[in-house]
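Remarks on the structure that follows.
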Amino acid sequence: MTDPKADGGTTEMQVFQGNEASALGGLAGGVTFFAGYPITPSSEIAEMMSQALPLAGGRFIQMEDEIASIAAIIGASLAGSKTMTATSGPGFSLMQENLGFAAIAEIPITIVNVQRAGPSTGLPTQPAQMDIQQTRWGTHGDHSIIALAPSTVLECFTMTIDCVNLAERFRTPTVLLMDEVIGHMRETVVLPRPGSYEIVERRAPDPGTEDYCPFDCDEVAPLASFGSEHRFHVTGLTHDKRGFPTMVADEVDRKIRRIVDKIEDAADDLADYEEFMTEDADVLLFAYGSTARVAKSSVRALRGEGVKAGLLRAKTIWPFSTKRLRELAGDLRLIVVPEMNLGQLVLEVERGVCGEVPVRHLGRVDGHLFEPDDITGFVLKEAGR
Amino acid sequence: MSEAIENARTFLRPSKKLPTVWCGGCGLGILMSAMTRALARLGVEKNDVAVVSGIGCTGRLPTYVDFNTLHTTHGRGLAFATGVKLARPKLTVIAAMGDGDALAIGGNHFIHACRRNIDMTAIVANNHIYGMTGGQYSPTTPHGKRGTTAPYGNVEHDFDVAALAAGAGATFVARSSVYHAQELDRLIEKAVLHKGFSVVEAVSNCYTSYGRLNKHASPVDMLRWMKENSVPVGKAETMEPWELEGKFTRGVIVERELPEFIEAYDDLAERLTTSPSAVERVKSILKSFDETAERLNAKAE
Ligand code: SF4
């Protein structure tokens with residue numbers, strides 16, 4: 001994952017909003033095409049892209065809705081561009097149809113979802129973490145997905161680059177799961193300089209490849225661009241290795257397992273965490289996004305109360321890796337998962353520790369961030385103090 | 001056999017993909033060959049063409065033609081095509097859609113594509129029914145005609161596809177039918193040549209789903225209906241409205257010039273990169289991006 005303190009040096013100190021940093025991250029990651037539809041609280045990303053892309057040699061278009069926005073970026077990706085869109089809850093719901101298309105057709109795209117409270121129109125200007133499971137399971141049919149969750153403005157930048165990179169590496173849709181607080185929060189950041197972070201370029205078939213198979217078997221196949229020397233067929237129907245529709249049981253089975261396995265098998269490799277005071281912890285807070293910032297304060301407060309608390313902050317949400325949780329579980333007597341929803345990622349945590357450690361969920365769905373005291377108090381109570 | 005027809009054949013994918021899924025007597029094969037003839041006459045390279053579709057019987061068309069082909073989700077073909085074209089403007093982009101695909105589930109994408117004037121061609125195969133799902137009424141099923149979901153006759157009124165496209169701002173609109181196969185390929189050729197968004201409505205026949213429900217004796221009977229109930233645009237101008245009742249017009253319906261989206265966008269970008277104030281504005285946002293800033297500086301100088 002992109003290291004903000006990489007060797008290549010950094011730029012001067014600047015003040016950015018999370019949404020701006022994400023747009024910059026897209027540009028830094030090589031995005032040259034953005035299609036979007038206005039929606040609070042993500043619109044600044046589209047606005048910034050509309051300003052920057054024509055000057056940076058790319059193109060921006062505002063489509064008629066989010067369905068069309070994701071469709072357009074899939075089309076542009078197939079034609080060889082790195083692409084991105086940004087949205088929030090209701091728009092993300094509309095994108096599910098073509099997110100599934102990108103998953104089965106294995107086309108790299110990045111979606112930034114600045115989460116707001118739902119369901120439906122919900123609270124357009126308030127934060128939530130309610131789209132966690134929708135990101136994983138929102139489109140119909142078996143597939144997998146990669147999703148990252150930033151906690152800082154700087155991470156909005158670095159993780160957008162990561163999302164663009166991972167989309168190319170795995171030929172899959174990737175989702176940056178921001179929330180309204182991170183999206184609109186302003187922080188002083190020092191961005192890494194271009195050249196100091198890795199940019200993954202799409203692997204294309206070798207020139208002159210005969211009998212190019214865009215959906216070849218066991219790995220992630222190279223992807224040719226429309227307009228290159230390799231013509232091929234792309235369909236949302238289940239297809240063979242050449243891209244043509246198939247109903248042959250073996251081929252179908254292999255295809256579906258492959259689009260899941262190529263991501264799920266990499267779960268431990270993709271897992272990225274920040275750990276805070278976990279060395280001697282016997283009570284673990286598991287959190288992500290803006291909630292993790294609050295949880296960090298709670299860890300300090302709990303330490304003051306004599307509770308050996310620590311924080312495991314997940315940066316990678318999907319694929320969910322249970323590895324680190326399992327490693328820590330032996331020393332724990334309690335895991336608390338605060339989330340701005342009524343219990344979504346906690347399900348994965350429970351699966352991860354398999355009943356070895358009690359797991360308690362603390363949910364907040366009123367459109368407000370947790371206060372450190374909310375979490376501290378809850379942990380004290382659950383820890384029997 | 002003419003050279004164009006010979007070349008058109010080379011645009012079909014090698015035999016493994018054929019025969020098509022289409023019913024015997026379906027008009028879609030005639031439309032597909034009209035499209036390949038038009039492209040053959042234009043002398044396109046296969047690698048330089050992208051054919052995009054949505055879902056339905058027409059949606060299967062890209063499977064059979066040897067171009068860059070993209071079979072997308074229901075109604076969304078034009079939205080995908082928009083991205084393909086914007087990312088690679090040198091491609092000739094054609095979106096092939098049925099009436100339900102283009103005008104019901106894809107209606108919003110259709111009107112906005114017409115409005116934007118991106119240089120691509122939409123071919124709407126209008127057979128007045130949802131064929132693949134078994135004959136449900138569509139946005140172009142005429143009032144009173146039957147579908148499996150209009151068992152007593154359609155209560156709704158139908159879209160005039162060409163008029164809708166014209167009203168939404170398409171800069172080239174034409175219509176013909178699969179009976180008039182040669183006229184159809186000439187119109188597709190013109191549409192592809194047109195700089196801007198072009199729409200060709202190809203009135204087609206679905207005997208299997210529409211014909212049987214609406215008392216057409218055979219596919220041939222449906223083709224005969226097209227022959228007898230269509231009027232060239234020029235002639236229609238001399239006729240009274242009552243004479244045109246139940247008939248459709250054929251030919252070029254709209255042809256006008258309007259700045260094309262990508263040209264206009266790129267012109268603007270070019271002007272911006274030489275305008276110091278715009279460059280300054282974006283540079284202030286992008287000040288962390290040495291490379292972009294350098295490029296802008298180079299252009300501004
Ligand atoms: S159902 Fe109708 S439109 Fe579809 S292939 Fe058969 S005849 Fe053609």
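Labels below follow one simple rule: chain letters A, B, ... track the order of the sequence lines, proteins then strands, and each chain is numbered from 1.
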Q.
At a heavy-atom distance under 4.5 Å, which candidate from A:Ala35, A:Ala71, A:Gly75, A:Ala23 has the highest pair count against chain B?
A. A:Ala71
Q) Residues of residues 58-70 of chain B under 4.5 Å from chain A (heavy atom pairs)? A) B:Arg60, B:Pro62, B:Thr63, B:Asp66, B:Phe67, B:Asn68, B:Thr69, B:Leu70
Q: Please name the pair of heavy atoms, one in B:Thr72 and one in A:Phe101, separated by the smallest distance, quoted to 0.1 Å.
A: CA-CE1, 3.6 Å
Q.
Looking only at heavy atoms and a cut-off of under 4.5 Å, which of A:Leu78, A:Asp65, A:Asn98 has the most pairs with chain B?
A. A:Asn98
(Q) I need the B:Phe80 CZ to A:Ile70 CD1 distance, nearest 0.5 Å. (A) 7.5 Å
Q. Tell me, do B:His112 and A:Gln62 make a side-chain contact under 4.5 Å, heavy atoms counted?
A. no
**Q.** Contacting moiety of B:Lys90, where chain A heavy atoms sit under 4.5 Å
**A.** side chain
Q.
For the interface with chain B, which of A:His230, A:Glu97, A:Glu20 has the highest count of heavy-atom pairs at distances below 4.5 Å?
A. A:Glu97
Q: Please indicate whether B:Phe159 has more than 12 foreign heavy atoms, meaning atoms of other residues, nucleotides or ligands, lying under 6.0 Å from its CZ.
A: no
Q: State, yes or no, whether a side-chain contact exists between A:Arg59 and B:Ile262 at a heavy-atom distance under 4.5 Å.
A: yes
Q. Which pair of heavy atoms, one from A:Phe226 and one from B:Ala50, lies closest together, and at what distance?
A. CD2-CB, 4.1 Å
Q: Against chain A, work out which of B:Thr82, B:Thr73, B:Leu91 has the most heavy-atom pairs shorter than 4.5 Å and name it.
A: B:Thr73
(Q) Taking every non-hydrogen pair under 4.5 Å, which of B:Ile111, B:Leu78, B:Val51, B:Asn108 racks up the most with chain A? (A) B:Asn108
Q: In sequence, state the C-alpha distance, the side-chain angles, and the governing distance for A:Ile67 and B:His109, and then conclude on side chain to side chain contact (heavy atoms under 4.5 Å, CB included).
A: CA-CA 9 Å; A:Ile67 301 170; B:His109 309 307; 4.1 Å; yes
Q.
For the interface with chain A, which of B:Ala87, B:Ala81, B:Gly75 has the highest count of heavy-atom pairs at distances below 4.5 Å?
A. B:Ala87
Q. A:Gly80, A:Ser77, A:Ser228, A:Gly227: which one forms the most heavy-atom pairs within less than 4.5 Å of chain B?
A. A:Gly227
Q) For B:Arg115, is it the side chain, the backbone, both or neither that has a heavy atom under 4.5 Å from a heavy atom of chain A? A) neither
Q) Is it true that A:Arg231 and B:Glu45 have a side-chain N and a carboxylate O under 4.0 angstrom from each other? A) no
Q: List the atom of B:Tyr265, the atom of A:Pro54, and the distance in Å for their closest heavy-atom pair.
A: OH-CD, 3.4 Å
Q) Would you call the rings of B:His71 and A:His233 parallel, tilted or perpendicular if under 30° counts as parallel and over 60° as perpendicular? A) parallel
(Q) As an exercise, state the distance from OG1 of A:Thr235 to CD1 of B:Ile55, rounded to the nearest 0.5 Å. (A) 6.5 Å
